[in-house]
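Down below is the structure, laid out as structure tokens.
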Amino acid sequence: MSMSPLEELRHSASHILATALLRIFPDAKLDIGPPTDSGFYYDVDLDHKLTNDDLVKLEAEMKKVADENQPFLRKEVSREEAIEIIRSRGQERYKLGRLADIPEGEKISFYQNGEFMDLCAGTHVRYSSKLKAFKLLSIAGAYHRGDEKNKQLQRIYGTAFPTKEELAQHLDRLEQAKARDHRKLGKDLKLFVIDEDVGQGLILWTPNGSIIRQELQSFIGEELRKQGYSQVFTPHIGKLELYKTSGHFPYYKESQFTPVVENETLSRIVREGCSCAEMVARLDAVSSKLRQTVNDRSGREIIPESRVLDADKLLDGFMLKPMNCPHHIKIFASQPHSYRDLPVRLAEFGTVYRWEQSGELNGMTRVRGFTQDDAHLFCTEAQVAGEVLGCLSLVKVVLNTLGMSDYRVRVGLRDPDSNKYTGTAENWDKAEAACREAAKTLGVPFTEEPGEAAFYGPKIDFVVKDVIGREWQLGTVQVDYNLPVRFDLSYTGADNQAHRPVMIHRAPFGSMERFCGVLIEHFGGDFPVWLAPEQVRLVPISDKVLDYGREVLNHLKAAGVRATLDEHSDKMGAKIRRAELEKIPYTLVLGAKEAESKAASVRSRAKGDEGAMPYAVFTERVVTEIRTRALPAKAQPPA
RNA sequence: GCCCAGAUAGCUCAGUUGGCAGAGCACGUCCUUGGUAAGGACGAGGUCGCCGGUUCAAAUCCGGUUCUGGGCUCCA
């Protein structure tokens, strides 16, 4: 096993952490301690609950271990000897299992530094004194082997660098990242709020944030018109049976809001003495007719006999929609279609609701209610490749317009060992091939990842990282041979026969919430002028030029520019400072000189003081910048 | 959902061994009318997340709960 020098250093740091840990807590049971992208961790089973004070103590002890200048010694042993070493050190609880993971025939090695010895493939630095710059960062819970059925261990995170300077830089970067965090900027710039009385994971878009969202929606709307989409609107709820037909319920039941059962039915079954368990079973069940229909169409036993209940026992309710597709499918199915009509492209900013686990919620990037810039394309099989390409180019237009180039593309394929997918193997192969081919045309590197497909088809995802390195899926294009079958969709072909259309699901932003969250961090709050909630701030130097200020304000407003006049009685410097903190792209300073010549002194976010120009000229410039959706100029480095 | 840590004014935060609730910024009024990142004075603003317990007395101690943060698990 080869490691980069940095990984080697961090891996050694985790051994030194374990050494220190066992000195302070001799009864700790160790699991594993690998390096990570930005540091290292060690998982440990310990009755004592580690606190931040313990981190300080551990760090001090690690320093001692490093100063002892212990050599790291490799020792290769037989499996029997390995078991003996682990036993003699009282570490059999996890280490024997880790030993068992090593395939027969592969070398088994331990590394020893000082009194500590750990089962480890290596490699390591030669002496513990190499460890000069490290810091323990946090304590977290982590399930043994990442399985929530296993015991939760305590994970100690830390980081290490070759030099103190690099460590300091890293910690400084973490600090700077915090300043760009969309949750902080969202509060500072008044873009959105989450109110605990409304509910966790439910975004309230404030006026400023709503402007950004509205601009993004108009932008995408323009592109959709160019590409021949039709706009539709559908409600936020739909009957449970709809999702039983689509297969979303009860398959994804645990990540959906509980169905809404209307009052009279609820009172009736309560009077009948229906238990909760029975009610759940009755909600989950299907009629024999639905079962037969779905199974017949799929040509497979998708719904088992055991889910069938007598019609009078069935309960229907309404679901908050977890996806928009069934609604769009019903619009498509409401009319007969000829091959000449295809592709039909139905687009909607559709709001969906998913019951995400509470611990997973995160600002705007992981929420329980969100609006997808969704569309469903119904096309012939021959059109699939071309339509997928069209969707991908749309995603690229979006990302290019916003200057987002730091993303990766993931082609999500089915996991051959799982049975969670619906549809035939043949269709899956075709869909996966189409996605793979389309991805190749993108001109950016992509990875194929088995197990990342949706349950109804493969997909191409655009994944970006947030300021602290967490990955988020934004734009997505998904090919679906399955739902057209489930809903028995058809069109009439040139041969006058009924044919099955193929569906493509796509969302260039993904969701407005997540996209805006990532966008806030991407721009660090310094939005391009077309997105900025306030585009121009007018700063009159004194009350004497307020009337002139109003004249300029009206001119800008008439040109469609979002501008305000700062009428506070503060000094000009204070007004400028306020505008800077609010990250407004342009500030116009207006004094007696400007009033005389119908001018404005322009101060831009990027360049600072640009001097005076006629306000009509400035207005023209801003309007052009807005219309062309120009990206912000890079701020000039301090002279 | 699980582990750990938090929650005090609109924001950022201080608050000692349990003893009258604090600062800066923001906000309001007044003075000031100015030339590119903070002019001054005064004022208003709080059920210390919520519920319960211990106590003569709780922001402070204990239990529960809600929400937030960092992870883990999950993410159609």
Side-chain angles (χ1 to χ4, degrees), chain A residues 41 43 49-52 54-55 137-157 178 181 183-184 187-188 190 193-201 243 246-249 251-256 322-325 352 354-363 365-368 372 412 420-422 452-457 459 461 468 470-473 476 478 480 482-483 505 514 539-546 568-582 587-594 601-604 608-612:
Chain A
Y41 64 82
D43 281 352
K49 295 202 162 141
L50 292 169
T51 64
N52 289 334
D54 293 323
L55 284 189
L137 297 172
S138 60
I139 305 156
Y143 299 106
H144 173 53
R145 293 185 182 278
D147 187 335
E148 65 181 326
K149 290 194 273 297
N150 288 340
K151 181 163 183 184
Q152 194 160 48
L153 311 177
Q154 300 187 73
R155 175 171 295 178
I156 304 167
Y157 278 99
K178 271 189 204 160
D181 191 308
R183 293 165 297 191
K184 175 174 167 46
K187 189 183 277 184
D188 290 350
K190 301 185 176 67
V193 291
I194 299 171
D195 186 283
E196 89 178 68
D197 290 341
V198 175
Q200 290 184 276
Y243 300 99
S246 71
H248 292 112
F249 192 91
Y251 197 87
Y252 283 100
K253 189 170 71 170
E254 67 292 335
S255 53
Q256 292 167 1
M323 298 189 90
N324 301 301
C325 21
V352 298
R354 298 181 189 174
W355 186 258
E356 305 289 358
Q357 298 192 77
S358 61
E360 261 309 329
L361 298 171
N362 182 280
T365 45
R366 190 79 183 267
V367 293
R368 284 185 173 156
Q372 298 176 314
K420 81 169 192 178
Y421 307 100
T422 62
E452 288 294 326
F455 78 95
Y456 49 74
K459 55 181 187 167
D461 291 329
I468 55 175
R470 286 183 293 212
E471 286 202 323
W472 300 100
Q473 176 198 311
T476 182
Q478 309 174 356
D480 180 4
N482 173 56
L483 285 176
H505 310 236
R514 177 175 292 177
V539 171
I541 289 178
S542 83
D543 288 355
K544 291 169 192 146
V545 286
L546 271 181
H568 287 85
S569 70
D570 300 291
K571 289 176 83 161
M572 182 192 66
K575 293 181 185 182
I576 288 171
R577 177 182 150 78
R578 192 157 45 229
E580 289 278 348
L581 291 176
E582 291 175 37
T587 303
L588 297 187
V589 176
L590 307 173
K593 278 189 290 184
E594 287 81 5
S601 282
V602 177
R603 185 188 163 93
S604 70
D609 190 355
E610 294 189 27

Measure from the side-chain heavy atoms of [X] and tell me the nearest of [options].
X	options	result
Ile576(A)	G39(B), A37(B), U33(B)	A37(B)
Leu581(A)	A37(B), G35(B), G70(B)	A37(B)
Arg155(A)	A37(B), C74(B), C72(B)	C72(B)
Ser255(A)	C74(B), U36(B), A76(B)	A76(B)
Asp609(A)	U36(B), G35(B), C4(B)	U36(B)
Tyr157(A)	A76(B), U36(B), C72(B)	C72(B)
Gln152(A)	G71(B), A38(B), G39(B)	G71(B)
Ala454(A)	C75(B), A76(B), G39(B)	A76(B)
Lys187(A)	U33(B), G71(B), U12(B)	U12(B)
Met572(A)	U36(B), G70(B), C72(B)	U36(B)

If you pin Gln473(A) and Arg603(A) to their nearest nucleotides in RNA chain B, which one's is more 5'? Arg603(A)
Walking RNA chain B from its 5' end, the first of Lys575(A) and Arg368(A) to be reached, judged by nearest nucleotide, is Arg368(A)
Salt bridge (Lys or Arg N to Asp or Glu O under 4.0 Å), that's the test. Do Asp461(A) and Lys459(A) meet it? Break it down for me. CA-CA 6 Å; Asp461(A) 291 329; Lys459(A) 55 181 187 167; 3.3 Å; yes
Looking for any heavy atom pair under 4.0 Å, which part of the strands does [X] touch: base, sugar-phosphate only, or nothing?
X	result
Ala140(A)	base
Ser601(A)	base
Asn52(A)	nothing
Gly573(A)	sugar-phosphate
His144(A)	nothing

When you compare A26(B) with A7(B), how far apart are their P atoms, in angstrom units rounded to a whole number? 26 Å
Rounded interatomic separation in angstrom, taking [atom1] from [X] and [atom2] from [N]:
X	N	atom1	atom2	result
Glu582(A)	A26(B)	CD	C1'	11 Å
Glu148(A)	G71(B)	CD	C1'	14 Å
Lys178(A)	C11(B)	NZ	C1'	17 Å
Glu196(A)	C67(B)	CD	C1'	4 Å
Leu55(A)	G71(B)	CG	P	15 Å
Asp543(A)	U32(B)	CG	P	11 Å
Arg470(A)	C75(B)	CZ	P	17 Å
Gln256(A)	C75(B)	CD	P	14 Å

Counting only Watson-Crick or G-U wobble pairs whose two distances fall under 3.5 Å, which nucleotide matches [N]?
N	answer
C11(B)	G24(B)
C2(B)	G71(B)
U29(B)	A41(B)

Arg578(A) CZ to His568(A) NE2 distance, which is reported to the nearest 0.5 Å: 5.0 Å
Would you sort out whether Arg577(A) and Asp570(A) count as a salt bridge (Lys or Arg N to Asp or Glu O under 4.0 Å), showing the intermediate values? CA-CA 11 Å; Arg577(A) 177 182 150 78; Asp570(A) 300 291; over 6 Å; no
Does the side-chain ring of Phe455(A) lie flat on the base of A76(B), meaning centres under 5.5 Å and planes less than 30 degrees apart? no
Any donor-acceptor N/O pair under 3.5 Å between C67(B) base and Gln200(A) side chain: no
Per the atom types in the model, does the base of G1(B) pair as donor or acceptor with the side chain of Tyr143(A) at under 3.5 Å? yes
Distance-only, no hydrogens or angles: does the Glu356(A) side chain make a donor-acceptor pair with backbone N or O of Gly201(A) under 3.5 Å? no
Counting N and O atoms only, with roles assigned by atom type, does the side chain of Arg514(A) sit under 3.5 Å from a partner on the main chain of Thr365(A), one being a donor and the other an acceptor? yes
Considering non-hydrogen atoms only, spot the tightest contact between Leu590(A) and Val545(A) and give its length. O-CG2, 3.4 Å
